[in-house]
Amino acid sequence: MRLSELFGKTQREIPSEADTASHRLLLRAGMIMQVAAGVYSYMPLGWRVLKKIENIIREEMDNAGGQELAMPVLQPVELWQQTGRDKAFGRGLFTLLDRRERTLVLGPTHEEVLTQMVGHHVQSYRDLPKLLYQIQTKFRDEPRPRGGLIRVREFIMKDLYSFDVDEEKLDVSYRKMIQAYQNIYDRCDLPTLLVEADSGAIGGKDSHEFMLIADTGEDEVIRCDKCDYAANADKAVSTKRPIAPEKPLPMEEVATPGMKTIEELANFLKMSKDHTLKAVFYVADGQVVFAMIRGDLDVNEVKLQRLLKCTDLHLATEAEVSAAGIAAGYASPMGLKNIKTVADDSVAEGINFVAGGNKPDVHIKNVNYPRDFKADIVADIACAREGDGCPKCDGMLKSTPGIEIGHVFKLGTFLSTALGADFIDEKGDSRPIIMGCYGIGLGRLLAAAVEHYHDDKGIVWPLSIAPYQVYLCPLYREDANISDVAEKLYTELQSAGLEVLFDDREESPGVKFNDADLLGIPLRVTVSPRTLQKDSVEVKWRAEKESRLVPVADAVVRVKDLVQRGK
RNA sequence: CGGGGUGUGGCGCAGCCUGGUCAGCGCGCAUGGUUUGGGACCAUGAGGUCGGAGGUUCAAAUCCUCUCACCCCGACCA
């Protein structure tokens, strides 16, 4: 491709709405353009990268035994009502009315459509397993799109679904996919961390995410500094700091005027926060829930939601709290009626807590579980934090931001049951098909690659996904000799099967070099009077500082060799 | 949805508080010339009616009301 003919120019000025590196650089390089909040066009260069990523993914899915198919974006809402996931997605679901006033959904994912299809076409255990996938556009009305291509409302995603006869076979499919994903990231030169993840309201046994560690990541990864334990903060468990054993003392009222927060309370009573009892009120699907946790810990809402199996969970408003007859700031687990109570296990294990007195300005000392109160559920509902103990070894947990660039789930039979996707097993019994699903957002992967591979000059594409492999850069093209050599090289490099971006513009060296750096094409070949004096061209990797001179006569062979070896 | 911010030629911005030759600057773009190994220089030129609607006023980019869009923080986000 001749740069003079390429659609899309580089920009010097930084678009003001972009704050992450990938967003900024992709805009400046003329690879993407925003159309609406969380909606982007890909321009030719960006689209080439996306196609390369797509091809890598397709090859790995095919290698793993996946069969590609295509499903519609437009889906009847009834299908979603059948599985109840119209509610689970809530307002995140893009819907529209057709001319007959029937509601249609712009597919945010395709389990429903595919499960229905598989239900129609799979009858016997002999028809299983199946790994089916598509690479297609999804729509999710995110509350807040952000970070350029990182979180968008319309995006291209590879989604594969596995259909198996039992849990063991699901494990096989699951492992196969994890391996395929690892191959994909390897080929894209992206180091990823496989972390345990929450599988959300859908349930299912296991779920893992592939994380790219990056400062701009919006997810939090908790990992052990000694062993390989790693989990999304939503899911992470930790060993909570134990409390020194004491004798349980009798309860005692204390006046605590105006002390409403844990911080104030602990300071006022001159005790550490781990001897206070934090009470947090939530509303779960309309029901007020009383959550208790040791004062030094925080409630992990994802864990709580999972535990309560509710689709909506939010902090109770003041109105909701007082409507339930509770004194905010002085709430007590004692004497609560008709309110579901959940206690973190730290509460059951702790001792002599200070808890609310259930009336203003009063707390109660030496509250002990289960002597003085009971909870409906005792479970781990705490946020794991940096500095906590590893649940698997004696190491310490660290926290780091990451970008989720792949997510795999064991779904189980939730959807196949709802949609009647059954098969007949060896004994002639009808059973629901066991499902898994596996997603990668292509645009997010592209953006993540830029987040990982860039410097202050621009993008540094890994060779495997670069829009072009070679940037052919003649300086002083008006010199006939230069342009002859460059034109010849352009033709020959292409004939040799290389992807060449030919900077045939009449621009100054500075402009050309800066654009080359911004666009991030891996190998730059410069032709100038200086190099031709030595019958050579200059060859330089974008990622390296040093360049080398290569005789013009050998240039094509040498460049091809470099590209093939990737070095 | 709560909080904050921004909308002025393709891009980045100034002007707004203190209405009145304020529609201006830089980049980019076009033409000509001189240059050119890390975003050159000179000259000339095209291009905006100031997000939209309504209002106040003799007069509105500037003040008021409403509205839309976009960005950031949070909530949210299989």
If the P atom of B/rG33 is compared with that of B/rC70, how far apart are they to the nearest Å? 46 Å
Answer with yes or no whether A/Glu13 presents, from its side chain, a donor or acceptor under 3.5 Å of a partner atom in the base of B/rG26. yes
Applying the side chain to side chain donor-acceptor pair (under 3.5 Å) test to A/Glu112, which of A/Arg85, A/Gln82, A/Gln81 qualifies? A/Arg85
Just checking A/Arg153: base, sugar-phosphate only, or nothing, at a heavy-atom cut-off of under 4.0 Å? nothing
Indicate, with a heavy-atom threshold strictly under 4.0 Å, whether A/Thr109 touches base, sugar-phosphate, or nothing. base
Between A/Ile150 (CD1) and B/rC72 (P), how many Å, whole number? 12 Å
Which part of the nucleic acid does A/Lys457 contact within heavy-atom distance under 4.0 Å: base, sugar-phosphate only, or nothing? base
Classify A/Arg140 by what it touches in the nucleic acid, base, sugar-phosphate, or nothing, heavy-atom distance under 4.0 Å. nothing
Counting the atoms with a prime plus P, OP1 and OP2 as sugar-phosphate, which does A/His314 contact under 4.0 Å by heavy atoms, base, sugar-phosphate, or nothing? nothing
From the list B/rC29, B/rG39, B/rG37, which nucleotide is the closest neighbour of the side chain of A/Thr526? B/rG37
Closest non-hydrogen contact found for A/Ser416 with A/Thr115 is CA-CG2, 3.8 Å
Can you measure A/Asn232 atom CG to B/rC77 atom P for me and round it to whole angstrom units? 13 Å
Do you know the tightest heavy-atom contact between A/Leu519 and A/Met31? O-CE, 3.8 Å
When both distances are under 3.5 Å in a Watson-Crick or G-U wobble arrangement, the nucleotide paired with B/rG54 is B/rC64
Should the pair A/Phe210 and A/Tyr185 be assigned to parallel (<30°), tilted (30 to 60°) or perpendicular (>60°) ring geometry? tilted
So what does A/Gly30 hit on the nucleic acid, given a heavy-atom distance under 4.0 Å: a base, only sugar-phosphate, or nothing? nothing
Contact class for A/Thr20 (heavy atom, under 4.0 Å): base, sugar-phosphate, or nothing? nothing
Answer yes or no: is there an ion pair linking A/Lys303 with A/Asp380, defined by an N-O contact shorter than 4.0 Å? yes
To the nearest angstrom, how far is A/Asp234 atom CG from B/rA75 atom P? 11 Å
I'd like to know if A/Arg91 reaches the base of B/rC76 with its side chain, counting only an N/O donor and acceptor under 3.5 Å. no
Pairing partner of B/rC77, by Watson-Crick or G-U wobble and under 3.5 Å for both distances, is none
Identify, between A/Val35 and A/Leu475, the residue whose nearest nucleotide on RNA chain B lies closer to the 5' end. A/Leu475
Scanning both residues in full, the closest heavy-atom pair of A/Arg91 with A/Asp141 reads O-CB, 3.7 Å
With a 3.5 Å distance limit and no angle check, can you tell me whether A/His454 reaches the backbone of A/Leu518 through a side-chain donor-acceptor pair? no
Checking B/rG37, B/rC76, B/rC77 against the side chain of A/Glu142 (C-beta onward), the nearest is B/rC77
Could you state the atom-to-atom distance from NZ of A/Lys9 to C1' of B/rA30 in whole Å? 11 Å
For the residue pair A/Phe89 and A/Trp80, categorise the inter-ring angle as parallel (less than 30°), tilted (30 to 60°) or perpendicular (more than 60°). perpendicular
What residue among A/Asp517, A/Leu472, A/Val539 forms side chain to side chain contact (heavy atoms under 4.5 Å, CB included) with A/Arg524? A/Asp517
Donor-acceptor contact below 3.5 Å, side chain A/Lys512 vs main chain A/Asp503: yes
With nearest nucleotides of RNA chain B determined for A/Trp80 and A/Ala36 from heavy-atom distances, which residue corresponds to the more 5′ nucleotide? A/Ala36
Is there a Watson-Crick or G-U wobble partner for B/rG37 with both distances under 3.5 Å, and which nucleotide is it? none
Candidates B/rC77, B/rG37, B/rC27 - which lies nearest the side chain of A/Tyr476: B/rG37
Which of residues 501-512 of chain A sit near RNA chain B, with a heavy atom under 4.0 Å from it? A/Ser508, A/Pro509, A/Gly510, A/Val511
Closest to side chain of A/Ala37, choosing from B/rG38, B/rG37, B/rC71: B/rC71
Looking for any heavy atom pair under 4.0 Å, which part of the strands does A/Gln34 touch: base, sugar-phosphate only, or nothing? sugar-phosphate
Using the P atom in both, what is the distance from B/rC77 to B/rG5, to the nearest Å? 27 Å
Regarding A/Glu209, tell me which of base, sugar-phosphate or nothing describes its non-hydrogen contacts under 4.0 Å with the strands shown. nothing
Using atom P in both nucleotides, what's the gap between B/rG48 and B/rU67 to the nearest angstrom? 31 Å
B/rG39 C1' sits how many Å from A/Asn514 CG, rounded? 5 Å
Quote, to the nearest angstrom, the P distance that separates B/rU57 from B/rU8. 29 Å
Under a 3.5 Å limit for both distances, which nucleotide forms a Watson-Crick or G-U wobble pair with B/rU6, could you say? B/rA69
In whole angstrom, give me the gap between the C1' atoms of B/rU65 and B/rA60. 15 Å
Touch class at under 4.0 angstrom, heavy-atom based, for A/Asp515 against every strand present: base
In whole Å, what separates the P atom of B/rA14 from that of B/rU35? 39 Å
What distance, rounded to whole Å, do you find between the two C1' atoms, one in B/rA23 and one in B/rU49? 8 Å
Using the C1' atom in both, what is the distance from B/rG9 to B/rG45, to the nearest Å? 15 Å
Separation of A/Lys540 atom NZ from B/rG38 atom P, in whole Å? 14 Å
Check if the side chain of A/Arg144 and the base of B/rG3 share a donor-acceptor pair of N or O atoms closer than 3.5 Å. no
For B/rG28, what is the paired nucleotide under Watson-Crick or G-U wobble rules, both distances under 3.5 Å? none
Could you check whether the rings of A/Phe290 and A/Phe281 sit parallel, tilted or perpendicular, using 30° and 60° as the cut-offs? perpendicular
Under 4.0 angstrom, heavy atoms only, what part of the nucleic acid is A/Arg524 near: base, sugar-phosphate, or nothing? base
